[in-house]
Engineer: 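Please find one structure pasted underneath; my questions will follow.
When a residue number appears, it is its place in the shown sequence, counting from 1. We use all heavy atoms of the structure for the numbers below, so side chains are in, but hydrogens, waters and symmetry mates are not. Read the numbers this way: they start at 1 and go in the same order the structure lists the ligands and their atoms.
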Amino acid sequence: MKDKLDKILGFEVETTENPDFGDYSSNVALVGAKEKGENPRKVAEDLKEKLEKDVELGRIVDKIEVAGPGFINFFLKKDVLLNNLIQIGSEKEKYGSSTLGKDKTVVIDYSSPNIAKPFGIGHLRSTIIGQALYNLYKFLGYEVVGDNHLGDWGTQFGKLLYMIKTENSPELSIEILEKLYVEFHKEAETDPGLEEKAREWFRKLEGGNVEAKEIWQKCVDVSLSEFDRIYKRLGVNIDFAFGESYYETEMRQMLMDPGIKRHLTKGEGGATIIDLTKFGIKTPLMFLKKDGATTYATRDLATIKFRARKWDPSIIIYEVGAEQSLHFQQVFAAARLLGLVGKNVELIHTAHGLYLAPDGKKFSTRKGKTIKLEDVLDEATERAQKLGEKSSGPAYAKVTAVAVGIGAVKYFDLMHSVGSDVIFDWDKMMNLEGNSGPYLQYTVARCNSVIQKAATFKEPPQGYCDSLNSFKGVSSKGEYSNLNNEEMLMLRSLIRFPEVIISAVKSYSPNLLCNYLYDLASKFNAFYNKHKIIDSDQEKFRLTLTSGVGQVLKNGLHLLGIQTPERM
Ligand code: ARG
């Protein structure tokens with residue numbers, strides 16, 4: 001609706017926080033008056049008067065009000081709101097989608113765990129936020145490519161190869177690999193020669209040594225099967241997993257490219273660097289280490305080049321933690337300098353915050369103590385099973401518990417703004433009465449159950465959405481005077497769903513969608529607790545409203561990657 005309104009008005013309106021200030025509001029009068037040195041209130045009043053004569057606007061807007069120093073507030077017409085409710089009933093799971101991103105491609109780099117390490121809680125945010133962004137962009141009609149940039153290359157593999165060879169471990173598992181890595185660092189503290197040995201092994205790997213490649217491949221295979229198990233549990237599906245190792249050839253080509261070579265200089269200690277001071281970045285990008293080995297940054301540059309060529313994206317999003325901010329500043333600047341992507345390609349680092357332990361301190365990942373994601377998921381499912389008892393029933397069946405447990409973990413992550421840290425808190429995550437995944441899923445199940453009850457006793461739900469006129473008891477000669485406050489608030493909220501999705505996408509912030517869904521669910525529950533639905537004299541309308549709310553909650557949760565059990 002905002003789009004439509006903007007077009008008719010010729011200026012942009014904002015959605016309002018407070019329903020007393022209308023559905024949309026604008027400060028054009030304030031801005032305009034300031035520029036011309038006029039009285040803003042007067043400018044607003046004049047504009048209001050003019051707008052009230054606009055026939056096209058009159059079809060959408062019921063009332064225009066001037067508020068405060070000169071804001072202009074617009075209240076939507078009730079039949080526009082009711083028509084939207086009918087539209088939800090006919091568009092169903094497509095409601096909120098659009099073709100905004102037609103002909104545009106977005107590449108999303110997400111999850112990207114490191115080989116030979118267990119999938120820790122550290123990669124959870126990237127996986128969950130990345131997948132939500134993926135779904136949201138798709139819903140808006142973009143061509144979306146998900147790429148799991150696995151950490152499967154780099155000098156750390158030299159360390160592993162050295163350890164595997166010296167320890168001669170017969171069998172490799174993630175646990176063993178992790179242990180070997182930790183042991184390497186312990187031993188290296190007293191034996192400085194080890195680092196050189198590790199570098200040697202990585203050189204062998206980069207040089208294509210068969211034995212090195214074979215052991216490396218085993219490490220990759222062991223890790224991938226663990227990662228796949230986790231992705232399955234999370235319901236995450238990433239289109240590609242080229243991984244860092246894929247870019248060996250691309251990197252070698254870059255090293256020979258005269259256009260790139262002319263930007264390379266020798267830095268301190270003999271490393272090859274790219275100076276980025278002209279971009280305001282003091283730390284140069286390390287392109288090659290002093291022994292000629294490529295770096296994480298070299299691989300990211302090659303990756304950009306590859307992605308630009310393969311998919312011709314208009315945006316590349318890196319769903320990676322804030323601790324890598326400098327790295328991405330360097331990589332983005334260097335990519336521009338070297339001309340690896342077109343000027344119009346946006347490069348975005350979302351820079352998400354960390355998970356913190358319940359005491360607010362960092363989860364200790366040093367000394368080999370990683371919080372394994374699988375343990376978190378197991379506990380989430382167990383806790384979810386018990387939630388059934390809390391809502392005065394039996395424990396949830398396993399399928400429901402899985403949906404609720406995993407949903408709780410995902411929602412808890414997504415409800416925090418991307419940039420902020422997340423303090424891990426089981427009680428909040430599982431809270432059936434507050435802003436949580438289980439609360440929203442429970443509200444959907446409540447909507448389902450109302451509709452089901454009505455269906456057994458009355459007519460089937462399909463008939464409810466036929467036309468505006470069928471809302472018996474709500475309308476009288478198009479006046480809809482009988483809508484109560486709770487109903488109005490829900491109708492006004494429902495019409496915003498498509499706009500919320502757009503703003504969540506534009507700011508890479510799935511938490512905006514979470515806020516919206518929580519608000520809508522709370523409005524529904526307030527309505528449910530106060531008014532009769534079945535057997536009320538507005539039963540048809542209230543059932544349609546219930547079904548519309550249920551549908552929008554479902555659409556929103558599915559975009560966030562969260563399942564909605566039919567009943568709970
Ligand atoms: N593997 C990296 C890590 O765990 C994340 C990779 C992110 N993506 C990228 N293109 N650098 O820290």
Engineer: Using a 4.0 Å heavy-atom threshold (strictly under), name the region of Asp300 that reaches ligand 1: side chain, backbone, both or neither.
Structural biologist: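 Within the 4.0 Å criterion, Asp300 contacts ligand 1 through side-chain atoms alone.
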
Engineer: Quick check on Asp228: does its CG atom have over 12 non-hydrogen neighbours (other residues, nucleotides or ligands) under 6.0 Å away?
Structural biologist: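 Yes, enclosed.
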
Engineer: Heavy-atom pairs closer than 4.0 Å: do any link ligand 1 to the side chain of Phe328, the backbone, both, or neither?
Structural biologist: side chain

Engineer: Can the ring centroids of Trp311 and Phe240 be said to lie less than 6.0 angstrom from one another?
Structural biologist: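 Ring-ring flag for Trp311/Phe240: true, centres closer than 6.0 Å.
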
Engineer: Determine whether the aromatic ring centres of Tyr518 and Tyr439 lie less than 6.0 Å apart.
Structural biologist: yes

Engineer: Are more than 12 heavy atoms, taken from residues, nucleotides or ligands other than Glu433, located less than 6.0 Å from that residue's CD atom?
Structural biologist: no

Engineer: Number the atoms of ligand 1 from 1 as they appear, then name those within less than 4.0 Å of a heavy atom of Tyr318, with their elements.
Structural biologist: 10 (N)

Engineer: If a pair satisfies ring-ring contact (aromatic ring centres under 6.0 Å, His included) and one of its residues is in residues 259-300, list it, with sequence neighbours excluded.
Structural biologist: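 As it turns out, the ring-ring contact (aromatic ring centres under 6.0 Å, His included) pairs with a partner in residues 259-300, which skip direct neighbours, are Tyr296-His327.
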
Engineer: Please list every donor-acceptor pair under 3.5 Å in which a side-chain atom of residues 94-103 meets a protein atom from a residue at least two apart or in another chain.
Structural biologist:
{"unit_1": "Tyr95", "atom_1": "OH", "unit_2": "Asn84", "atom_2": "OD1", "d": "3.1"}
{"unit_1": "Tyr95", "atom_1": "OH", "unit_2": "Asn84", "atom_2": "ND2", "d": "3.1"}
{"unit_1": "Tyr95", "atom_1": "OH", "unit_2": "Leu494", "atom_2": "O", "d": "2.9"}
{"unit_1": "Ser97", "atom_1": "OG", "unit_2": "Lys94", "atom_2": "O", "d": "2.7"}
{"unit_1": "Ser98", "atom_1": "OG", "unit_2": "Leu100", "atom_2": "N", "d": "3.1"}

Engineer: For ligand 1 and Ser112, I'd like to know whether there is a polar contact (N/O to N/O, distance under 3.5 Å).
Structural biologist: yes

Engineer: How long is the span from the CD1 atom in Ile129 to the CG atom in Leu136, to the nearest 0.5 Å?
Structural biologist: 11.5 Å

Engineer: Give me the nearest non-hydrogen protein atom to atom 12 (O) of ligand 1 as residue plus atom name, then the distance to 0.1 Å.
Structural biologist: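 For atom 12 (O) of ligand 1, the nearest protein heavy atom comes out as Gln324 NE2, 2.8 Å.
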
Engineer: So, does Thr303 sit close enough to ligand 1 that a heavy atom of it is under 4.0 Å from the ligand?
Structural biologist: no

Engineer: Please check this pair: side chain of Gln563 against backbone of Val404, looking for a donor-acceptor N/O pair closer than 3.5 Å.
Structural biologist: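 No; zero donor-acceptor contacts below 3.5 Å.
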
Engineer: Give me the residue, atom name and distance of the protein heavy atom closest to atom 1 (N) of ligand 1.
Structural biologist: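 Of the protein heavy atoms, Asn114 OD1, 2.7 Å lies nearest.
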
Engineer: If you count the atoms of ligand 1 from 1 in the order shown, which ones are under 4.0 Å from a heavy atom of Val320?
Structural biologist: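 Every atom of ligand 1 under 4.0 Å from some heavy atom of Val320: 7 (C), 8 (N).
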
Engineer: Give me the residue, atom name and distance of the protein heavy atom closest to atom 6 (C) of ligand 1.
Structural biologist: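 Going by distance alone, atom 6 (C) of ligand 1 is nearest to Tyr296 OH, 3.2 Å.
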
Engineer: Which residue owns the protein heavy atom closest to atom 8 (N) of ligand 1, what's the atom, and how far is it?
Structural biologist: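 The answer is Asp109 OD1, 3.1 Å.
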
Engineer: Atom 9 (C) of ligand 1: which protein heavy atom is closest, and how many Å away?
Structural biologist: His149 CD2, 3.4 Å

Engineer: Can a non-hydrogen atom of His123 be found less than 4.0 Å from any atom of ligand 1?
Structural biologist: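 Within the 4.0 Å threshold, so yes.
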
